[in-house]
Amino acid sequence: MKPSIPKGTRDFSPVQVARRNYIFQTMRTVFVKYGFQPIETPAMENLSTLTGKYGEEGDKLLFKVLNNGDFLSKADTEALEAGDSQKLAPSIARRGLRYDLTVPFARYVVMHQNDIAFPFKRYQIQPVWRADRPQKGRYQEFYQCDVDVVGSQSLMLEAELVQIYDEVFSKLGLDVSIKINNRKILAGMAEAAGVSDKFVDMTIAIDKLDKIGMDKVREEMSERGIPEASIKQIVNMLEVKSLEALRPLMANSPMGQKGIEELQTVFDFLEAANLNNQLNFEITLARGLSYYTGFIVEVAANNVEMGSIGGGGRYDDLTGIFGLKDVSGVGVSFGAARIYDVMETLDLFPKEAEENIQLILIAFDEASHRYAFKCLQKIRSAGIKAELYPDPIKLKKQMAYANARNTPYIALAGSNEMEKGMLSLKNMESGVQEDKSLDEIIQLLK
RNA sequence: GUGGGUAUAGCUCAGUCGGUUAGAGCGCUAGAUUGUGGUUCUAGAGGUCGCCGGUUCGAUUCCGGUUAUCCACCCCA
């Protein structure tokens, strides 16, 4: 049969895994330094945990896991006969693959509330699955890297998360722009323009500003039933570049003023932070996700055309749906795949990230193979990444293998070398070859 | 959910205005080279031309359907 993998999924080959690990390791180092702890949750959740949390669209994109055993005997026969897949699903699938890391995290917090010291700072790096139509840079299986704090309303945490973004991207050698805003400012805009009831429609339109431009945004707001006079006021406020300039425009909106105040506090905390990257107030930043209620943030790479490579914000009542009220959270997410792509485009992966083999031993016959195996132990004890070709087959084959592995050095073991207690070390790039003792080889490669 | 492209060797693809034996590059195997890879040369293996049907004397080629996959939109990371 012809091998294949499900659409929207990918294999990761050694170089890619090594590079991805380098990104993850860089993140982990920073997260831990800021006091965050890792958790992991199962790939599968109960379907009831997931459904209804991502809107109607989201429910359609959930991967459902078919029950084991005689699942048909317990199926909803009424739905089955009616051909109603939507209705049938819960009776034949009680589990689903996780769709993001936030909902499982909320579930985790509620289930473990007695063991958790609040505020709880956690990070989580795991794959998630979405049954979306795949396209460029969008897959059905992909990694998310989330950092969240729950159980505190302090705006200090917003500042910390900005610092984390700044530090991670600096360490990776990426030049980025960090844009921040506050949902309350957007709510204030709606309030000031007298269309509080159209808040969600307004943000959906504003969120597309980068992509479609101001004229189209006006159009979309109009289509979504926002009156012309209000649109004028909103557009007026969208032109504002500083918090100060915004204050008078929001004089009649308590919500807007609260948002300005909150954002100002975040800037104050960061005053002495010495960020490496630009940090800007961006009133047009909206973020599609409706559960954000305060601070919102988005990161874009400079010098390269690629959407956002990270985003997040504050959400009140993350855990309410699971029965734990009034737990506020704030968190950010890193777009692993896009960060990878940007770094590849800009050639930012250091060579050390590849973890390649340093030395391959090659033997001519059974006796020297045994001898080489003994040498191998000593070389490895010195911490050198080395291997011995498993069979003393003809040299051409072993050499071709070493070459394909892209090893910088090989060491040949034959009867001559064995007698002298040495190995013949060959530099694969220059072709220079010389007898060396084990100590010399270890010295050279260490 | 909507629209478009593609499907030919292990991989990436060309090609056949419908006709006898379907090609290239890379990869693979062997040799030139029995203690030396990467370069070069020589030879070889490898194909149900996605699947089902239609038109035709004849279909890998044209038409219809189907499946898979990629891309764009909606949405999202």
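In what follows, chains carry the letters A, B, and so on, assigned in the order in which the sequence lines appear, proteins first and then strands, with residues in each chain numbered from 1.
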Trainee: Keeping to residues at least two apart or across chains, list the side-chain hydrogen bond (donor to acceptor under 3.5 Å, both in side chains) pairs with something in residues 25-37 of chain A.
Mentor: Q25(A)-R28(A), K33(A)-E167(A), Y34(A)-E167(A)
Trainee: What residues from residues 8-25 of chain A pass a heavy-atom cutoff of under 4.0 Å to RNA chain B?
Mentor: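 Of all residues in residues 8-25 of chain A, the ones placing a heavy atom under 4.0 Å from RNA chain B are G8(A).
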Trainee: As a check on the pairing definition, encode RNA chain B in dot-bracket form, counting Watson-Crick and G-U wobble pairs whose two distances are under 3.5 Å, and using | for partners outside this strand.
Mentor: (((((((..((((.....[...)))).(((((.......))))).....(((((..]....))))))))))))....
Trainee: Show me the protein contacts with nucleotides 6-11 of chain B, counting only N or O atoms at under 3.5 Å.
Mentor:
none

Trainee: Can you tell me which residue pairs pass the ring-ring contact (aromatic ring centres under 6.0 Å, His included) test with a partner in residues 199-224 of chain A, sequence neighbours excluded?
Mentor: none
Trainee: In chain order, what residues pass the side-chain hydrogen bond (donor to acceptor under 3.5 Å, both in side chains) check against N67(A), with sequence neighbours excluded?
Mentor: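 Counting only residues at least two positions away or on another chain, N67(A) forms a side-chain hydrogen bond (donor to acceptor under 3.5 Å, both in side chains) with R94(A).
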Trainee: Does anything in residues 48-63 of chain A form a salt bridge (charged side-chain N to carboxylate O under 4.0 Å, His left out)? List the pairs, not counting sequence neighbours.
Mentor: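 Checked against salt bridge (charged side-chain N to carboxylate O under 4.0 Å, His left out) - neighbours excluded - the pairs reaching residues 48-63 of chain A are E57(A)-K60(A).
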Trainee: Listed by chain and number, what are the side-chain hydrogen bond (donor to acceptor under 3.5 Å, both in side chains) partners of D100(A), not counting sequence neighbours?
Mentor: Y54(A)
Trainee: Which residues within residues 431-446 of chain A lie with some heavy atom under 4.0 Å of an atom in RNA chain B?
Mentor: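 Listed by number, they are G431(A), Q433(A).
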Trainee: According to ring-ring contact (aromatic ring centres under 6.0 Å, His included), who are the partners of F349(A), at least two apart in sequence or on a separate chain?
Mentor: Y340(A)
Trainee: Salt bridge (Lys or Arg N to Asp or Glu O under 4.0 Å) with D435(A): which residues, sequence neighbours excluded?
Mentor: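 Salt bridge (Lys or Arg N to Asp or Glu O under 4.0 Å) check on D435(A) returns K420(A).
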Trainee: Using a cutoff of under 3.5 Å, can you pull out all pairs of nitrogen or oxygen atoms linking the protein to nucleotides 31-33 of chain B, with atom names and distances?
Mentor:
| unit_1 | atom_1 | unit_2 | atom_2 | d |
| --- | --- | --- | --- | --- |
| G31(B) | OP2 | K394(A) | NZ | 3.3 |

Trainee: Could you check whether L412(A) gets within reach of a base, just the sugar-phosphate, or nothing at all, counting any heavy atom under 4.0 Å?
Mentor: base
